[in-house]
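For reference, the structure is listed below as structure tokens.
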There are 2 protein chains.
Amino acid sequence: MPELPFTLDQLRILKAIAAQGSFKKAADLLYVTQPAVSLQIQNLEKQLEITIFDRGGRKALLTEAGRLLLEYCERILNQCDEACKAIEDLNSLKGGTLVIGASQTTGTYLMPRMIGLFRQKYPDVSVQLQVHSTRRTGWSVANGQIDLAIIGGQLPGDLENLLQVIPYATDELALVLPSKHPLSNKKELLKEDLYKLNFVTLDSQSTTRKVVDKLLKDSGLDIQRLKIEMELNSLEAIKNAVQSGLGASFLPVVSIERELAAGTIHKVFIADLEVKRELKLITNPSRYTSRASEVFKKNILPQFASLESPLRES
Amino acid sequence: MPELPFTLDQLRILKAIAAQGSFKKAADLLYVTQPAVSLQIQNLEKQLEITIFDRGGRKALLTEAGRLLLEYCERILNQCDEACKAIEDLNSLKGGTLVIGASQTTGTYLMPRMIGLFRQKYPDVSVQLQVHSTRRTGWSVANGQIDLAIIGGQLPGDLENLLQVIPYATDELALVLPSKHPLSNKKELLKEDLYKLNFVTLDSQSTTRKVVDKLLKDSGLDIQRLKIEMELNSLEAIKNAVQSGLGASFLPVVSIERELAAGTIHKVFIADLEVKRELKLITNPSRYTSRASEVFKKNILPQFASLESPLRES
DNA sequence: GAGTCTCCATTAATTTAAATTATTCAAATA
DNA sequence: TATTTGAATAATTTAAATTAATGGAGACTC
């Protein structure tokens with residue numbers, strides 16, 4: 001790899017002299033002294049083994065070699081300016097990309113609203129949302145493919161230490177019934193009532209399903225006795241199934257806001273049982289945090305966080 | 001004019017690290033120490049207020065900002081390389097332009113051969129020949145529009161001091177007669193014989209004409225008594241006129257080599273009279289001398305110079 | 001899982017380079 | 001010829017880069 005025979009400063013000086021037609025004026029323009037300019041040009045001429053300026057008369061005139069160099073000089077300096085601008089844009093969030101990871105639920109119901117708000121504030125940052133399993137999302141954050149993510153499940157142990165995990169919000173998994181279900185007008189059910197219901201659930205691989213199962217089990221219920229009508233792999237499908245009267249389900253409240261308002265499904269409380277899960281923000285502390293990521297974490301997330309979230313403080 | 005937030009060296013280092021995936025390897029590649037690389041990148045990051053590399057693991061990975069900068073970096077460095085190559089080409093005469101000035105005579109009969117030889121040796125240098133009066137050529141050399149010139153006449157006094165004038169060759173202005181002229185078979189004429197001839201001459205403005213007039217006058221001839229059949233402004237026209245038997249003329253020998261060989265015109269000597277003029281090389285010592293000009297002066301001109309020329313020495 | 005190796009960051013000391021001031025030189029203007 | 005303006009030069013000061021040595025964190029070895 002060859003050494004560079006000139007510096008950007010020298011090119012800048014060359015350009016200034018060419019524009020001003022004088023070493024002195026160029027020096028004034030660049031806020032340096034005239035000898036500094038003279039020396040830099042001398043160095044440049046020495047290194048390139050060419051004469052750049054005719055210093056004959058009152059004005060400094062370009063030689064042929066000087067004109068040739070000036071052409072490249074202009075192009076190079078323009079590229080530099082452009083690079084600076086691009087970097088500035090990136091810093092001021094007028095560009096760049098933010099990659100957000102999320103689980104199915106948050107990715108479907110929460111993230112779109114967050115991203116909408118973010119894009120409203122920073123329309124020039126392109127945002128990419130990657131909806132994957134908790135596990136895969138965790139790994140993506142670990143190796144830098146994702147800037148930050150919201151997950152609802154439990155990370156594998158090794159990732160737990162590697163990543164920064166901040167409790168972000170509490171997501172209630174509400175028991176919902178078809179609106180014409182006999183139990184749907186009751187304010188509160190007993191745990192035992194659950195055994196009378198037919199459930200439409202997520203498939204058993206899903207993090208949300210696992211969370212629900214664990215909570216029900218922990219509260220003393222025998223989940224084997226619960227009747228599962230069908231297992232679907234999409235929350236939307238489950239919602240439709242419930243609305244169609246096919247059964248009950250535990251669904252994240254964020255996913256059924258519209259349906260609850262429209263009255264097409266009913267949410268019922270269960271005595272002594274709250275099915276809730278912690279949504280957690282995960283980031284990779286050992287990796288570079290982009291401005292966009294920083295801003296998203298500081299300004300956007302708190303607006304959607306529940307009251308208990310540590311993010312509320314910032 | 002804003003200060004530049006980075007240097008070419010920094011960009012070079014950035015590129016090397018990105019290519020090698022390691023600070024150390026980049027340092028080795030660039031023949032500098034590792035801390036030098038680290039510091040340069042730190043400065044770059046500080047100045048641009050961005051993080052360029054993820055130094056998390058074993059490898060140095062580019063951040064988004066880093067990738068953005070690298071793109072510009074490559075473009076800028078490419079331009080720099082191109083500029084270097086262009087300058088090198090210019091230095092090694094693989095490019096550039098040589099502007100040569102000449103009077104009518106040398107421009108028509110001498111220069112084309114010289115330029116041919118030059119172009120044979122340096123086919124990538126474009127050569128421009130400007131045929132003008134001695135006066136105008138002198139001024140063009142003075143203000144740098146012409147790199148070097150061969151003139152046959154006398155420069156205005158003010159230019160004489162400003163420019164470097166080197167005697168280059170002696171150009172004989174031979175007396176030529178139509179081949180069927182009664183005097184054309186004589187070996188030598190007497191000065192008085194000139195009064196018997198009809199002359200076809202250049203117009204009285206021309207330098208060559210003035211030179212001839214002066215020499216004849218100095219040798220004791222009364223130029224008023226010489227019969228001038230016609231005045232033409234082109235040597236070629238005069239040659240044709242002589243060949244057609246319209247009269248005699250003093251013509252530069254270089255311009256009539258072919259005609260003498262073919263015997264279509266005759267050259268005759270005059271006793272006690274040599275009509276000769278000095279062809280002079282003029283250059284501008286206060287101006288930059290291009291490589292092409294240097295080479296032309298040193299390598300090409302001597303090959304066509306007469307024995308007495310100082311250029312023969314070099 | 002302890003040790004070693006590799007790689008990046010940091011610090012201090014030296015060296016090198018660059019900018020500045022002051023001065024000289026040259027050319028153009030009056 | 002005297003005066004002014006611009007560029008080159010010399011010497012000092014100042015800043016910056018390099019070197020060398022140290023420290024720390026991850027990765028491979030046994």
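Just so it is clear: chains get the letters A, B, ... in the order the sequence lines come, proteins before strands, and each one is counted from 1.
Between Ile17(A) atom CD1 and dA8(D) atom C1' there is a gap of 13 Å when expressed in whole angstrom units. Separating the NZ atom of Lys24(B) from the C1' atom of dG26(D) is a distance of 17 Å, rounded to the nearest angstrom. As rounded to whole Å, 13 Å separates atom P of dA9(C) from atom CG of Leu44(B). The distance between atom CZ of Phe53(A) and atom P of dA26(C), rounded to the nearest whole Å, is 22 Å. Here dA9(C) presents its P atom at 9 Å from CD1 of Ile41(B), a figure rounded to the nearest Å. dT5(D) atom C1' lies 16 Å from atom CD of Gln20(A), rounded to whole Å. Atoms CZ (Phe23(A)) and C1' (dA8(D)) sit 10 Å apart, rounded to a whole Å.
Residues forming a salt bridge (charged side-chain N to carboxylate O under 4.0 Å, His left out) with Asp28(B) (at least two apart in sequence, or on another chain): Lys24(B). For Lys210(B), there are no salt bridge (charged side-chain N to carboxylate O under 4.0 Å, His left out) partners two or more places apart in sequence or in a different chain. A search for side-chain hydrogen bond (donor to acceptor under 3.5 Å, both in side chains) contacts involving Asp147(B) returns nothing, not counting sequence neighbours. Applying the side-chain hydrogen bond (donor to acceptor under 3.5 Å, both in side chains) test to Ser140(B) and every residue at least two apart in sequence or in another chain returns nothing. Considering only residues two or more places apart in sequence or on other chains, Ser126(B) meets the side-chain hydrogen bond (donor to acceptor under 3.5 Å, both in side chains) condition with Thr97(B). Evaluation of the salt bridge (charged side-chain N to carboxylate O under 4.0 Å, His left out) rule for Lys85(B) yields no partner, not counting sequence neighbours.
Of the candidates dT10(C), dG6(D), dC8(C), the closest approach to any side-chain atom of Gln42(B) belongs to dT10(C).
A 6.0 Å sphere centred on NZ of Lys121(A) holds more than 12 heavy atoms belonging to other residues, nucleotides or ligands.
Contact annotation: Ser38(A) reaches the phosphate of dA8(D) (side-chain N/O to OP1 or OP2, under 4.0 Å).
If you check distances only, the side chain of Gln34(A) does reach the base of dA8(D) with a donor-acceptor pair under 3.5 Å.
Under the side-chain contact (heavy atoms from CB on, under 4.5 Å) test applied with Ile150(B), the options Ile100(B), Thr137(B), Leu281(B) reduce to a single match, Leu281(B).
Here side chain to side chain donor-acceptor pair (under 3.5 Å) pairs that include residues 66-76 of chain B, with residues two or more places apart or in two chains, number zero.
Each end of the helix from dG1(C)-dC30(D) to dA30(C)-dT1(D) gets its own rotation axis from five pairs of C1' atoms, and the angle between them is 30° to the nearest 10 degrees.
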Taking only N/O atoms, report every protein-nucleotides 16-20 of chain D pair under 3.5 Å with atom names and distance.
{"from": "dT19(D)", "atom 1": "OP2", "to": "Thr33(B)", "atom 2": "OG1", "distance (Å)": "3.1"}

